[in-house]
Amino acid sequence: MGKGIVLYQSKYGSTKKYAQWLGEKMRYDCIETKKADIKKLKQFDTIILGGGVYASGILGLSFLKKNIESLCNKKIAVFCVGASPYDENAINQIRNLHFKDKLSNIPLFYCRGAWNEENMSFKERTLCKMLQKVVAKQDPDTYEPWQKALMCAVGQKCDWTDREYLKPIIEFIKEN
C-alpha cells in the first residue's frame, strides 16, 4: 500500500472532514492543497486529492493539473464533495469536463457533504435563492437529483457526511 497523503481544499468543512477521516483510516498525512509542496509530495506513493464541487468545478484540482507531470508515477485518486445526492450523470459531466489527457485515468469518487446557508456568503446565499426560485417554477416530477436536494434543503441545516462514502476510495487505495 505504501506511504500516502490526502490533499484537500474545503470551503465549508465537509471535504476537510472526509480528508481527515481518510487520513486517520489509512494512516496518511493530511494537508490543505494550498500548503502542499510538490517537492515533498514526491516521497509519497499514493496521493488522494479531495475538493468541494462548485459550479461543476472541483476545488484544488488545478493543483493536480499543474503538477501532474511530477506525479505521473504515483497512485492518484480524486474525491469531490457536494450537497447533492450521488448522480452518475453529474459525476460523468464533471469527469468529462476536467479529467482529460493526463488526468483521464485518474479515478473520481463522490462523497455527499452538507448544506448550511448560514455559512454561505451573502453572494452565495443570494445565488442559491435565485436558483431555488427558478427550480420552484418547474414540475417537481421533472427535477434532477440536485434540484430535489436543493429544494429539500431550503432554509435547513443538513449534514449528509458519512464514512461509508470513503469505502470505494479505501478499496482503490488497497488495490495493488
Side-chain angles (χ1 to χ4, degrees), residues 1-116 119-120 124 145-146 149 159-176:
M1 197 165 44
K3 189 174 180 183
I5 189 167
V6 182
L7 305 175
Y8 69 90
Q9 190 166 337
S10 188
K11 196 168 187 175
Y12 300 114
S14 295
T15 304
K16 180 179 181 179
K17 184 190 288 189
Y18 280 116
Q20 289 173 335
W21 284 345
L22 188 58
E24 289 167 12
K25 174 74 176 169
M26 302 308 299
R27 292 186 170 88
Y28 282 3
D29 291 347
C30 190
I31 187 171
E32 286 182 275
T33 306
K34 63 184 174 188
K35 295 179 182 174
D37 179 348
I38 192 63
K39 292 174 188 154
K40 291 181 181 175
L41 290 182
K42 292 180 181 183
Q43 68 180 301
F44 297 99
D45 303 309
T46 302
I47 299 170
I48 309 296
L49 176 92
V53 177
Y54 299 96
S56 296
I58 301 173
L59 294 178
L61 191 62
S62 59
F63 177 85
L64 186 59
K65 287 180 179 180
K66 178 182 167 187
N67 295 293
I68 194 64
E69 292 289 332
S70 300
L71 304 172
C72 62
N73 62 338
K74 308 293 181 187
K75 185 174 199 172
I76 301 172
V78 174
F79 70 91
C80 57
V81 179
S84 297
Y86 178 82
D87 178 45
E88 188 76 29
N89 291 332
I91 297 301
N92 285 335
Q93 263 184 334
I94 291 170
R95 171 165 270 301
N96 292 336
L97 228 116
H98 300 289
F99 289 75
K100 298 175 184 170
D101 303 320
K102 293 185 174 143
L103 272 61
S104 64
N105 292 324
I106 295 174
L108 175 63
F109 300 94
Y110 184 79
C111 302
R112 193 164 185 199
W115 176 272
N116 185 349
N119 292 342
M120 295 178 191
E124 292 166 331
W146 70 267
D159 185 348
W160 301 284
T161 56
D162 189 333
R163 291 176 192 261
E164 290 292 310
Y165 287 110
L166 296 175
K167 283 185 175 179
I169 304 168
I170 293 166
E171 287 174 23
F172 166 79
I173 293 169
K174 289 182 176 179
E175 291 174 1
N176 292 331

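Start at 1 with the first residue, then count along the sequence.
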Gln93 CD to Asp87 CG distance, which is reported to the nearest 0.5 Å: 8.5 Å
Distance (rounded to the nearest 0.5 Å) between Ile76 CD1 and Asp45 CG: 11.5 Å
Gap separating the CZ atom of Phe79 from the CD1 atom of Ile48, nearest 0.5 angstrom: 8.5 Å
Inter-residue atom distance Lys74.NZ - Asn67.CG, 0.5 Å rounding: 12.5 Å
Residues Asp159, Lys17: salt bridge by 4.0 Å N-O rule: yes
Closest heavy-atom pair and its distance - Val6, Ala19: CG1-CB, 3.6 Å
Phe44 vs Leu7, side-chain contact (heavy atoms from CB on, under 4.5 Å): CA-CA, chis, key distance, verdict: CA-CA 12 Å; Phe44 297 99; Leu7 305 175; over 6 Å; no
side-chain hydrogen bond (donor to acceptor under 3.5 Å, both in side chains) against Glu69, all qualifying residues, sequence neighbours excluded: Lys102
Exam field: side chain Lys65 to backbone Leu103, donor-acceptor pair closer than 3.5 Å: no
Residues Lys167, Glu164: salt bridge by 4.0 Å N-O rule: yes
Interatomic spacing from CG in Asn73 to NZ in Lys42 - rounded to 0.5 Å: 9.0 Å
Flag, side chain of Ser14 to backbone of Gly113, donor-acceptor distance under 3.5 Å: no
Residue list, side-chain hydrogen bond (donor to acceptor under 3.5 Å, both in side chains) with Tyr165, at least two apart or on another chain: none
